[in-house]
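In what follows, a single structure is set out as structure tokens and then discussed.
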Amino acid sequence: VVVIIDNASFDKRPIGVFDSGLGGLTALRQIYKALPCEQVVYFGDTGRVPYGTRSDETVIKYVNQDIRFISSFDIKLLLLACNTATSIALDRLKDSFGFPVIGVVENASTAAVNATKTGSVLVLGTSATIRSKSYIKRLNALNPAIEIYEQACPLLVPLVENGRYKVDDEIVRLILKEYLDPFKGKDIDTVILGCTHYPLLSEAVQRTVGDCVTLIDSGKEAVSSIHGMITPNEYADRRDDRFYVSDSVHNFEALAETLLGETIYGSVEKVDIDLY
Ligand code: DGL
């Protein structure tokens with residue numbers, strides 16, 4: 001039997017992944033799992049993170065620069081892994097990039113609407129994400145009958161970045177209780193983890209809300225839609241993945257493995273994002 005592999009049917013261009021910082025590595029983790037043959041270029045704006053506490057104007061300005069930088073690579077698709085960037089800037093981005101741009105709100109909303117049986121959904125996110133009402137708009141468009149509750153959780157990003165996300169951590173338990181207790185008795189059976197950092201807290205959130213509640217990982221849901229949007233690559237060497245950050249490379253390495261869940265083999269370089 002002769003197997004002829006037609007190279008022309010593969011697309012070797014990398015997928016671009018953008019986040020306000022390193023949180024997007026939780027989405028990259030999903031790419032590595034679901035699309036192991038895809039090469040990746042990641043940009044984390046570590047010099048200007050967090051976005052979730054900033055004004056819309058600032059987030060839009062930053063995201064425009066970030067996308068100008070990442071579109072200097074020949075990518076086949078860009079994933080905006082950041083919920084804050086997606087919520088505030090995705091609709092305003094021009095369609096003129098020559099590659100599809102996907103965010104993390106749409107697919108997570110679809111997954112939530114499909115998951116809920118009680119019709120009550122809770123969205124957790126940064127202050128900017130919640131202020132934008134991005135999830136309310138999307139969930140309502142999918143099903144106007146859905147009861148939507150939202151909670152901004154500004155303490156969770158710094159908590160995770162300080163290594164505090166484990167299920168038996170007393171501080172984590174107390175902070176989650178503070179954020180989630182107001183929704184007791186609301187018949188919520190689905191919680192959207194609407195922020196890059198929250199998948200690390202999923203065990204702790206699950207313990208707080210109970211086993212009957214479905215947690216939706218926004219990065220995972222977005223990644224599951226990429227498959228149908230691209231011509232796949234044949235093979236990826238993780239050493240060829242490229243990581244760019246806007247603050248020191250040293251700071252990147254300290255946190256990156258926690259968020260990615262594995263060692264980073266690709267190159268890591270600092271970029272001056274103000275030039276874009
Ligand atoms: N990446 C952001 C998000 O998913 C969290 C960190 C930040 O505030 O920039 O909303």
Side-chain angles (χ1 to χ4, degrees), residues 16-31 42-67 70 78-91 93 101-109 111-112 122-138 150-165 175 179 191-202 205 215-223 243-247 251-252 254-256 258-260 273:
V17 180
F18 160 68
D19 182 50
S20 57
L22 300 185
L25 294 173
T26 60
L28 182 58
R29 191 193 274 232
Q30 300 297 337
I31 292 182
Y42 182 98
F43 173 58
D45 193 7
T46 53
R48 304 188 295 197
V49 72
Y51 284 16
T53 53
R54 297 187 195 277
S55 68
D56 289 11
E57 200 186 350
T58 302
V59 172
I60 290 163
K61 182 180 131 196
Y62 287 177
V63 173
N64 277 325
Q65 282 179 311
D66 303 330
I67 298 210
I70 203 150
L78 174 61
L79 170 64
L80 286 192
C82 180
N83 274 268
T84 302
T86 301
S87 296
I88 291 172
L90 182 60
D91 286 349
L93 293 171
V101 181
I102 66 160
V104 279
V105 170
E106 191 173 327
N107 290 289
S109 301
L122 172 63
V123 183
L124 307 179
T126 64
S127 303
T129 294
I130 299 305
R131 186 182 65 229
S132 77
K133 299 195 167 43
S134 59
Y135 277 101
I136 295 191
K137 286 179 209 152
R138 192 69 212 156
E150 293 202 294
Q151 176 69 287
C153 308
L155 295 174
L156 297 186
V157 166
L159 201 63
V160 171
E161 297 210 339
N162 284 285
R164 308 296 292 266
Y165 52 84
I175 293 178
Y179 286 142
V191 174
I192 298 179
L193 303 176
C195 175
T196 46
H197 291 58
Y198 301 175
L200 271 85
L201 290 160
S202 54
V205 172
L215 305 185
I216 307 286
D217 176 338
S218 63
K220 186 175 174 189
E221 298 304 331
V223 167
F243 296 84
Y244 295 89
V245 287
S246 52
D247 193 23
N251 291 351
F252 171 89
L255 188 59
T258 302
L259 290 157
L260 186 62
I273 197 64

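Bear in mind the structure is a predicted one, so any value in this text is a computation, not a measurement. Numbers for residues simply follow the sequence, beginning at 1. Indexing begins at 1, ligand by ligand and atom by atom, following the structure's order.
- The closest heavy-atom contact to atom 10 (O) of ligand 1, among the options Thr84, Asp19, Leu156, comes from Thr84.
- Atoms of ligand 1 lying under 4.0 Å from any heavy atom of Cys195, numbered from 1 in the order shown and given with element: 3 (C), 4 (O), 5 (C), 10 (O).
- Without hydrogens or angle criteria, Thr86 side chain to Val105 main chain gives no donor-acceptor distance under 3.5 Å.
- Nearest protein neighbour of atom 6 (C) of ligand 1, counting heavy atoms only, is Ser20 OG, 3.6 Å.
- Heavy atoms of Gly23 stay at 4.0 angstrom or farther from ligand 1.
- Distance CZ/Phe243 to OH/Tyr42: 8.5 Å, rounded to 0.5 Å.
- By the 4.5 Å heavy-atom criterion applied to side chains, Ile67 and Leu80 are counted as neighbours.
- In this structure a side-chain-to-backbone donor-acceptor pair under 3.5 Å is present from Tyr198 to Gly125.
- Using modelled atom types, one finds no donor on one side chain facing an acceptor on the other under 3.5 Å when comparing Thr129 with Asn83.
- Considering backbone and side-chain atoms alike, Tyr51 places an N or O below 3.5 Å from some N or O of ligand 1.
- The shortest N or O to N or O distance between Gly52 and ligand 1 is below 3.5 Å.
- Under the 3.5 Å distance criterion, the side-chain polar atoms of Tyr179 are matched with a main-chain donor or acceptor of Leu155.
- Proximity of Val49 to ligand 1, defined as any heavy-atom pair under 4.0 Å, is confined to the side chain (atoms from C-beta onward).
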